[in-house]
Amino acid sequence: MTTLDSRTVAVGEDDRAAFRAGPVDEESRSRLADGGLEYRRVAVEGDDYPSWLQSVARGFQDGERSAEQIAASRERSGYRRLTGVYDPQAPVADAPVATIASWLGELSVPGDAVIPSCAISAVTVAPTHRRRGVARAMLEGELRAAHAAGVPMAMLTVSESPLYGRYGFAPAAAGAEWRIETKRAAWIGPRPGGRVDFVSRERVRELLPVLHERVRPSVAGEIDVPGSHWDGFAGTNPAAEKTGEKRAVQYADADGEVRGAAVYAVRENHEDFTKATVDVHYLLAETDDAYAALWRFLLELDLVAEVHASQLSVDEPLLWMIADQRAAKVTVRDHQYVRILDVVASLETRRYGGAGTLVLDVSDPLGIAAGRYLLEVDESGAGRVRSLGSETVDAVTVALGVTELSATYLGGVSLATLAAAGRVTVTDAAAESSVNALAMATSVLGWHTAPRLSIWY
Ligand SMILES: CC(=O)SCCNC(=O)CCNC(=O)[C@H](O)C(C)(C)COP(=O)(O)OP(=O)(O)OC[C@H]1O[C@@H](n2cnc3c(N)ncnc32)[C@H](O)[C@@H]1OP(=O)(O)O
């Protein structure tokens, strides 16, 4: 597995297949076995898949999956490594009492680079088996398995915020939900010369992955989106409901090159026909022109009072393209969680906001990333990292947990904010005041654009 610059592949198909085929973690298997539970891999193509999927649905308080939905899900799930926990004493012993899925993906990091990362999803524990350490065994197990396979990062999106900090994950890219009152949001942004046109759902299904591959390396926090997600956004998933409500548009520049696309649905207001709501399911823009043209199109739709969009950046240029900024109500939430497994590999992959030298004294509740590291960032923003062991170096020292280091990793969380929150300590033995040391360390670890993740996974 190699870590390369943007527009090149960091994770090859062989790496992905090897990761999928890897064994479960022995330490977790043995711990669960001590509690009478069996921890084993589940094959997507095998007989155990339907009951594994039903356990996931039940775990998320969702309804039973139909045969058609199971077949569609099986077809779309080949990229995932699935694991279940089974209770041989249970009346329905072939239904797992806990589930987890993971896969080897790519995470975009500051500086137009991507890093291999273990994505984790479908974590459920049956209500009959909750709060006895089963989720902890599975999470620790997947993290150890990923680390043993040489994967430098892990990542996930969460149902509840308090679950994953204990394993070293931190929300590193926030997601913003926007509600824009269209009558107040007069367009003052650019009016590019290209054109916006309706396209079919099938056409937008083709466009979205191509555009996303061009855009994602330069947006820290984004991941390589599993193909099945695009069917969901485009409304081309045969097992999904209400796909007919989705409308798709593309933006082509003056040369006729398609540079962006959006999928949206209109929710009628039965009490007032002029006050419908537009839900933007996905908007992807390769250029500033495409961004402006697509947002303007959505904000100027007739018979619409509100435009609603989620998983946007916390720093959208859109705010500066509407006459009245208070037309937008923006709610910010934790969204993309990351967890550093290999400090040297992960810190050498990203670029930095400024030059400087830092000693990072990292603690890790799971022991995986713990140690003292020297990070030297040059004028170009590239960092060299080495493990220090007990060697002393006369440099600004940042003492922090792997959770806090992971929080800063995408450049969206300020070290100064974490210091003010009592989460990190910055010391400089040589200086009289620690203020300059904190300012320098914050600027080194920062980045000039906010990270973003446009999907759930
Ligand atoms: C990446 C994803 O898939 S996100 C989806 C997560 N899954 C869901 O939300 C589905 C519904 N919930 C569940 O299935 C379960 O309640 C789970 C998976 C959240 C927790 O499973 P459990 O086996 O009960 O957790 P477990 O007993 O291993 O607890 C591990 C730790 O998390 C804590 N914890 C568990 N659930 C919660 C919660 N809802 N809120 C806060 N803390 C929690 C426990 O107190 C324990 O803490 P500690 O080990 O530091 O003392």
Side-chain angles (χ1 to χ4, degrees), residues 24-25 27-39 42 51-65 73 76-77 79-87 90 95-105 107 117-146 151 153-175 221 223 225-226 228-229 232 311 333-339 341 363-368 401-403 406 453 455-457:
V24 294
D25 171 64
E27 190 178 328
S28 288
R29 193 204 59 74
S30 146
R31 204 195 307 164
L32 287 163
D34 288 346
L37 301 173
E38 203 189 318
Y39 182 46
V42 173
S51 55
W52 184 90
L53 189 66
Q54 298 293 17
S55 289
V56 175
R58 186 183 60 192
F60 284 110
Q61 314 292 14
D62 212 349
E64 249 181 48
R65 295 290 183 257
S73 163
R76 295 194 310 265
S77 290
Y79 67 96
R80 299 198 292 176
R81 157 194 164 97
L82 313 180
T83 307
V85 176
Y86 293 82
D87 182 349
V97 296
T99 61
I100 190 165
S102 63
W103 66 93
L104 188 57
L107 170 69
S117 184
C118 168
I120 294 177
S121 176
V123 178
T124 72
V125 174
T128 48
H129 289 67
R130 71 198 278 278
R131 306 304 182 265
R132 41 172 122 154
V134 175
R136 176 176 275 281
M138 294 193 301
L139 260 303
E140 290 187 7
E142 284 305 273
L143 291 176
R144 277 192 294 266
V151 182
M153 293 290 304
M155 57 190 184
L156 42 77
T157 54
V158 310
S159 58
E160 289 188 87
S161 300
L163 299 178
Y164 295 105
R166 56 176 51 77
Y167 311 113
F169 285 94
I223 68 168
V225 172
S228 54
H229 281 59
Q311 282 77 250
R333 284 213 190 96
D334 52 299
H335 185 45
Q336 169 72 303
Y337 280 63
V338 304
R339 201 277 190 213
L341 296 170
S363 60
D364 182 343
L366 306 188
I368 296 173
V402 69
T403 304
S406 299
L453 171 68
I455 63 161
W456 291 93
Y457 58 93

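Remember, it's 1-based here, ligands and their atoms both numbered in the order they're listed. Positions are given from 1 along the sequence. These figures come from a predicted structure and were not determined experimentally.
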Heavy-atom nearest option to atom 1 (C) of ligand 1, drawn from T157, V158, V56: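 The nearest heavy atom belongs to T157.
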Sub-4.0 Å atoms of ligand 1 with respect to non-hydrogen atoms of [X]:
{"X": "S159", "result": "4 (S), 5 (C), 6 (C), 7 (N), 8 (C), 9 (O)"}
{"X": "A135", "result": "18 (C), 20 (C), 21 (O), 22 (P), 23 (O), 25 (O), 28 (O)"}
{"X": "F60", "result": "5 (C), 7 (N), 8 (C), 10 (C)"}
{"X": "R132", "result": "27 (O)"}
{"X": "R130", "result": "24 (O)"}
{"X": "E160", "result": "39 (N)"}
{"X": "G59", "result": "10 (C), 11 (C)"}

Ring centres under 6.0 angstrom apart (H229, W456):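 Not close enough - the centres of the two rings lie 6.0 Å or further apart.
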Part of R131 with heavy atoms under 4.0 Å of ligand 1, whether side chain, backbone, both or neither: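 Both parts.
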Y164: side-chain hydrogen bond (donor to acceptor under 3.5 Å, both in side chains) partners, not counting sequence neighbours: none
Validation: residues 27-37 side-chain donor-acceptor distances under 3.5 Å, sequence neighbours left out:
from, atom 1, to, atom 2, distance (Å)
S28, OG, D25, OD2, 3.3
S28, OG, A137, O, 2.7
S28, OG, G141, N, 3.4
S28, OG, R144, NH2, 3.0
R29, NE, E26, OE1, 3.0
R29, NE, E26, OE2, 3.4
R29, NH2, E26, OE2, 2.8
R31, NH2, E140, OE1, 2.8

Under-4.0 Å protein heavy-atom contact, atom 29 (O) of ligand 1: no
Exam field: side chain S55 to backbone P96, donor-acceptor pair closer than 3.5 Å: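 Such a contact is found between S55 side chain and P96 backbone.
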Distance-only polar pair, side chains of E142 and Y167, donor-acceptor under 3.5 Å: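 Their side chains do not contain a donor-acceptor pair, so the 3.5 Å distance test is not met.
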